[in-house]
Every structure is written in C-alpha cells, then in structure tokens.
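Read through the structure below, which is laid out as structure tokens, and then see the notes.
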There are 2 protein chains.
Amino acid sequence: MHKEHTLTKNQQIIFDLIDKSPEPLKAYSILFNVQKKGIKAPPQVYRALDKLVEMGKIHKIESRNAFIACHNSSCQVAKATAFSICEICEKVTEISSAGLSKYLANFKDKDGMKYSKYNLEFFGLCKKCR
Amino acid sequence: MHKEHTLTKNQQIIFDLIDKSPEPLKAYSILFNVQKKGIKAPPQVYRALDKLVEMGKIHKIESRNAFIACHNSSCQVAKATAFSICEICEKVTEISSAGLSKYLANFKDKDGMKYSKYNLEFFGLCKKCR
DNA sequence: TACATAGTGTTATATTATAACAATTTAAAT
DNA sequence: ATTTAAATTGTTATAATATAACACTATGTA
Ligand SMILES: [Zn+2]
Ligand SMILES: [Zn+2]
Ligand SMILES: [Zn+2]
Ligand SMILES: [Zn+2]
C-alpha cells in the first residue's frame, strides 16, 4: 500500500483556505489571509501551492493566476484539467466530463502525438450573467 | 467590405519580432529587443501585445506568460486556441485541427452551456525530446 | 545513532503587468 | 481647412506575481 499524501502544516492551512473559498484565490490574497496563522512570506505560500498542485489537490487557473481546490478524483492522477470561466463575474467551475477527458486524452496531433496532460479553459457567461 | 487591421508602428515592430521568432517570446524579452527601435517602456510593449492578441495576430501561452504569432486564420475570429508544449525543450506548436475545434465548440457543460472561446494547452514531449 | 530528505523561516530580489497623465497622431465630421 | 473625437504614443512610477539563496528544523529510514 502506497503512502497517502498527508499534508504538512503549511500545506494544510493553505489547502483549507482554498478549499473553503467559493472562488479561486490568488497567492498574495492567500498570504494575507494566513498571516495570522504564522505564514509570513511569499515563498511559504508558493511552496505549499506548488506541492498542492503537484498532488492534484488544487489547480492553477492559468489565465487568472489563481488557485482552486479540486473535487474531481480523476485529475489528481492525470493532471488533465478543464474549467469554465465567466468573463463577467469570474466564476470558475471545474468541468468533469468523461466524454471530454476521453476525447482529449485520445486526441492525436499531426505527428500522431498523444497528450495525457492538458489544461483547458473555456470562456463565456455563466447562468447568472447571461 | 470591412476595414482590414493595419498595424500601427509599435504594433508592427512587435508583431514582426514575434512572427520571426521560432519560439514564444516574453514581454520583457520583447522590450529588450525593441529598445533600439525606440520602444523604451513596458506599457508600450503591453499595449501592443494586448491589441495584437485582440486582433488574433498573436496568442498568449498562458502557462508560460509568452506570446506566439498565429498562422491559423480561423482562430482570429473564434479566439479558440490550442497548443502543444514540450515540457523539456519548451517548443510550442499551435494545433490546427478541425476535429478538435469542432468538438470543443460543440461541447456542452452540465448546464448545457456552450463556449465558443477557449484556450487549450497540451503538455508532453516533442519528437526530438522523446 | 547517523544520514538523507523534505519542510520551514527569512531576507532580498527577479519577473510580469498596470495606473496615471501628458503629448501626439490619425481619422472623421463639419 | 478646421474642429473634434478617438486611438496611439511616451513617460514615470508602482503594483502584482514569483523565485533565489541560505540557515535552520522536522521527519523518516538505515
Ligand atoms: Zn480537478
Ligand atoms: Zn457570471
Ligand atoms: Zn491562432
Ligand atoms: Zn522538446
């Protein structure tokens, strides 16, 4: 049985914050929010973020430089992520679609190359903003 | 007949540089390279980049904070982009696949929502690096 | 214990991007 | 041609995002 990832103190503090947040959090907003818990400097935040991303516990929304918790067990292994982003209210939702992930995992480029790792960001208007 | 986009002086200088580059360029590397042509400060670069992205002449590789010229007429309208990125040599290739763009443009999320705008970045190893 | 590995705390600095405002150029309207 | 509006440019300063480097501490393993 392989060892489960147990979060370290800083990782746990930062994961909890992101996990509770209804919206993606930016690194310096995280820093501000955890200073009362003793995490005082950017490297502490970025290190924890890096590890959490590596573990698949959180994802980075690249177009927004922000971090969101993952609730989709499959992408923890695959590092294959998809999101929808509302261009008005900035609501971000992780897309969990077997069809989509299957299509993308099987997609071959012109050289016949397959890619199991990808990041897809869809942009549009959410229900509320339409 | 609608007006063609004619590039302004700064836009042209910066587009030419990106267009000639075999690899994505970062904003401050662009700045360094065009200083001899009189473009001296970051805002001048970022403004031109913003407009060029808006026109679809270049794309931003979000995971790399770098810019690449577009050679694919279709995404100028759709703002629907896909790239493959080599995790070793950082080679970036724009993917132009009718099948992929059709699939993504027709993809519906759980709320039945469609998205004509998206950015997809595939990660893996290029031919050389495998 | 001894050793290696991972995590932490800290300071400083690098990199990426925008705010704000004045001046200039361009294109359209009178 | 003159006026006007819009877009672009030039410039300085600063904000926001991210990493380097180094000393130290905790954790796991031989
Ligand atoms: Zn996920
Ligand atoms: Zn919305
Ligand atoms: Zn393109
Ligand atoms: Zn390569």
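Every chain is numbered from 1, with letters handed out A, B, ... down the list of sequences. Bear in mind that the values here come from a model prediction, so they are computed numbers and not experimental data.
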Completion exercise
Heavy-atom nearest nucleotide on DNA chain D taken for A/Lys60 and for B/Arg47; more 5' hit belongs to B/Arg47

Fill in the blank from the handout: In this structure, CZ of A/Phe123 is separated from NZ of B/Lys79 (nearest 0.5 Å) by 12.0 Å

Practice task
Tell me whether the OP1 or OP2 atom of D/dG10 has a side-chain N or O from B/Lys9 closer than 4.0 Å.
Solution key: yes

Problem - A/Gln44 CD to D/dT19 P, straight-line distance once rounded to whole Å - result: 16 Å

Problem - Parallel, tilted or perpendicular: ring planes of B/His59 versus B/Phe83, cut at 30 and 60 degrees - result: perpendicular

Handout entry: Length of the NZ-P vector between B/Lys51 and D/dA7, whole Å
Key = 7 Å

Exercise for the section: Using the aromatic ring of A/Tyr28 (for Trp, its six-membered ring), decide whether it stacks on the base of D/dT17 within the limits of 5.5 Å and 30°. Expected result: yes

Fill in the blank from the handout: Between OH of A/Tyr46 and C1' of D/dT19 the distance, given in whole Å, is 9 Å

Practice task
Would you indicate whether the side-chain heavy atoms of A/Thr93 and B/Lys110 approach each other to under 4.5 Å?
Solution key: no

Exercise for the section: Please determine if a side-chain N or O atom of A/Thr8 lies less than 4.0 Å away from the OP1 or OP2 oxygen of C/dA6. Expected result: no

Exercise for the section: Figure out the CD/P separation between B/Gln12 and D/dA7, and round it to whole Å. Expected result: 20 Å

Problem - A/Pro42, nearest nucleotide to its side chain (from C/dG7, D/dA18, D/dT11) - result: D/dA18

Exercise for the section: Round to the nearest Å and state the distance from A/Lys40 atom NZ to D/dC24 atom P. Expected result: 17 Å

Practice task
Round to the nearest Å and state the distance from A/Ile39 atom CD1 to C/dT8 atom C1'.
Solution key: 10 Å

Handout entry: Whole angstrom value for the distance that separates P of C/dA17 from NZ of B/Lys26
Key = 8 Å

Practice task
Kindly work out whether a path of hydrophobic side-chain contacts (I/L/V/M/F/W/Y, heavy atoms less than 4.5 Å apart) joins B/Ile85 to A/Val53.
Solution key: no

Handout entry: Any B/Asn65 side-chain nitrogen or oxygen under 4.0 Å from OP1 or OP2 of C/dA17
Key = yes

Fill in the blank from the handout: If each end axis of the helix from C/dT1-D/dA30 to C/dT30-D/dA1 is fitted on five C1' pair positions, the angle between them, to 10 degrees, is 40°

Exercise for the section: Keeping the roles fixed (side chain from A/Glu94, backbone from A/Cys70), state whether a donor-acceptor pair exists under 3.5 Å. Expected result: no

Problem - A/Glu87/B/Lys117 ion pair, N-O < 4.0 Å - result: yes

Problem - Heavy-atom check, side chain of A/Thr81 versus side chain of A/Asn72, under 4.5 Å - result: no

Exercise for the section: Measure the distance from CG on B/Asp50 to C1' on C/dT16 and round it to the nearest whole Å. Expected result: 13 Å

